[in-house]
Amino acid sequence: MNEALPLGVFGGTFDPVHVGHLRLAEEAREALQLGRVRWIPAGQPWHRAAPQTSPAHRLAMVEAAVASNEAFEVDGREVASGRPSYTVDTLTALRAELGDALPLVLILGTDAFSLLHTWHRWRELFALAHIGLATRAGQAVDPAALDPALAAELAARGGRDAQALRKRPSGAIVRFDMTPLAVSATDIRARLARGERCRYLLPDEVFEYIRLNRLY
């Protein structure tokens, strides 16, 4: 695998990881021409309610879900830290390990991107990584719906294609089309609580882990 290609960084609570997450990561890899996608489950997310399952279980489910894809890898640093997870700190640590030249691409959906201005030290993210912004096919992000400071960053950094990600290590916002899948972790947790198997919503390996560990 070409180590010079950009590295995708895909974070989340993954409570549980499901087919929507897997499809998003794969479409980001293909559309943005990423060499790999590194999954980083949040240990203690600071900006949302505590996940229903423990960090260790969520990490194990992600490991089971991605094991068959050689372009996916799992990074457990946020789980291991035992502290609230800040993306800026994680990207800073990755930069220290991987160097300043390798392009990093933080993969975000539109919902997460629209709240980026509320993240800890959010402006520093652009010096550490590009942003791969997943949107529904043919749709663009409405700047009028964004915080003015975030809209200004999108105007200054957006509009580039995937080739821009290789020309420098960070700083661009590149949109890519995402297949709309009406799959959510909230709905899956409710289904599991009712005793449903959730086949084709969850990878079989993840469902088996949930069953064996009596989660949800």
Side-chain angles (χ1 to χ4, degrees), residues 1-15 17 21 24-25 28-29 32-51 54-56 58-59 62-63 66 71-134 146-147 149-158 160 162 164-176:
M1 194 169 297
N2 189 343
E3 294 298 327
L5 293 174
L7 171 67
V9 179
F10 187 30
T13 53
F14 305 121
D15 188 27
V17 59
H21 296 131
L24 173 56
R29 187 189 67 80
L32 302 178
Q33 301 171 27
L34 307 176
R36 295 166 291 150
V37 175
R38 181 173 295 195
W39 295 60
I40 307 182
Q44 299 177 26
W46 64 272
H47 61 295
R48 59 187 300 171
S54 72
R58 290 184 288 105
L59 175 62
V62 171
E63 289 173 337
V66 309
F72 291 168
E73 57 191 40
V74 183
D75 187 325
R77 73 181 65 223
E78 291 190 2
V79 168
S81 74
R83 301 188 305 272
S85 304
Y86 296 108
T87 301
V88 66
D89 293 336
T90 298
L91 290 176
T92 298
L94 286 174
R95 275 277 165 236
E97 295 170 12
L98 301 174
D100 295 331
L102 178 68
L104 300 180
V105 183
L106 180 63
I107 301 168
L108 296 178
T110 52
D111 289 346
F113 180 79
S114 69
L115 295 173
L116 192 68
H117 64 287
T118 69
W119 290 23
H120 182 59
R121 291 160 46 202
W122 70 278
R123 291 182 185 276
E124 296 178 33
L125 297 173
F126 298 113
L128 295 165
H130 302 293
I131 290 180
L133 178 55
L146 299 176
D147 174 85
L150 182 57
E153 293 288 359
L154 178 61
R157 301 175 183 279
R160 301 173 176 87
L165 302 178
R166 298 194 197 186
K167 295 178 181 177
R168 52 180 176 162
S170 63
I173 301 173
V174 176
R175 189 191 68 82
F176 67 96

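- When atom types are taken as modelled, the side chain of R95 and the backbone of L128 share a donor-acceptor pair closer than 3.5 angstrom.
- Judged purely by atom type and a 3.5 angstrom limit, R58 has no side-chain atom pairing as donor or acceptor with the backbone of V17.
- We find the CG-CG distance between L133 and L116 to be 10.0 Å, quoted to the nearest 0.5 Å.
- Closest approach of S170 to A129, counting heavy atoms only: CB-N, 3.3 Å.
- Atom CZ of R166 is surrounded by more than 12 heavy atoms from other residues, nucleotides or ligands within 6.0 Å.
- Remark: L165 CG to I173 CD1 distance equals 11.5 Å, nearest 0.5 Å.
- Between H21 and F10, the closest heavy-atom pair is O-CE2, 3.5 Å.
- The aromatic rings of H120 and Y86 sit tilted, their planes meeting at an angle between 30° and 60°.
- A pairwise comparison of heavy atoms in P55 and V79 identifies CB-CG1, 3.7 Å as the closest pair.
- To the nearest 0.5 angstrom, R38 atom CZ is 5.0 Å from D75 atom CG.
- Side chains of L125 and I131 form no contact here, defined as non-hydrogen atoms less than 4.5 Å apart.
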Quiz item: For V174 and H130, what are the C-alpha separation, side-chain angles and deciding distance, and is it a side chain to side chain contact (heavy atoms under 4.5 Å, CB included)?
Solution: CA-CA 8 Å; V174 176; H130 302 293; 6.0 Å; no
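- The two residues A162 and L32 make their nearest non-hydrogen contact at CB-CA, 3.9 Å.
- A distance of 11.5 Å separates CG in L154 from OG in S114, rounded to the nearest 0.5 Å.
- With a 4.5 Å cut-off on side-chain heavy atoms, V88 and L91 do not count as touching.
- You'll find the side chain of P169 stays beyond 4.5 Å of the side chain of L102, heavy atoms only.
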Exercise. Show your reasoning for whether side chain to side chain contact (heavy atoms under 4.5 Å, CB included) applies to E153 and H117.
Key: CA-CA 10 Å; E153 293 288 359; H117 64 287; over 6 Å; no
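- A donor-acceptor distance shorter than 3.5 angstrom exists from the side chain of R157 to the backbone of G171, with no hydrogens or angles considered.
- Smallest separation of non-hydrogen atoms from D89 and R121: OD1-NH1, 3.3 Å.
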Practice problem: With side chain to side chain contact (heavy atoms under 4.5 Å, CB included) as the test, would you mind laying out the steps for L34 and L5 before giving the verdict? | Solution: CA-CA 6 Å; L34 307 176; L5 293 174; over 6 Å; no
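- Shown here are the side-chain hydrogen bond (donor to acceptor under 3.5 Å, both in side chains) partners of T90, two or more places apart in sequence or in another chain: E78.
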Exercise. Let me see the working for I40 and V9 under side chain to side chain contact (heavy atoms under 4.5 Å, CB included), right down to the final yes or no.
Key: CA-CA 7 Å; I40 307 182; V9 179; 3.8 Å; yes
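- Between A112 and L108 the shortest heavy-atom distance is CB-CD2, 4.2 Å.
- The aromatic rings of W39 and F14 sit tilted, their planes meeting at an angle between 30° and 60°.
- Atom-to-atom distance recorded for L146:CG and F113:CZ is 6.0 Å, nearest 0.5 angstrom.
- Taking CZ of F176 as the start and CG of L24 as the end, the distance is 5.0 Å to the nearest 0.5 Å.
- Using a 4.5 Å heavy-atom threshold, the side chains of W122 and T87 count as separate.
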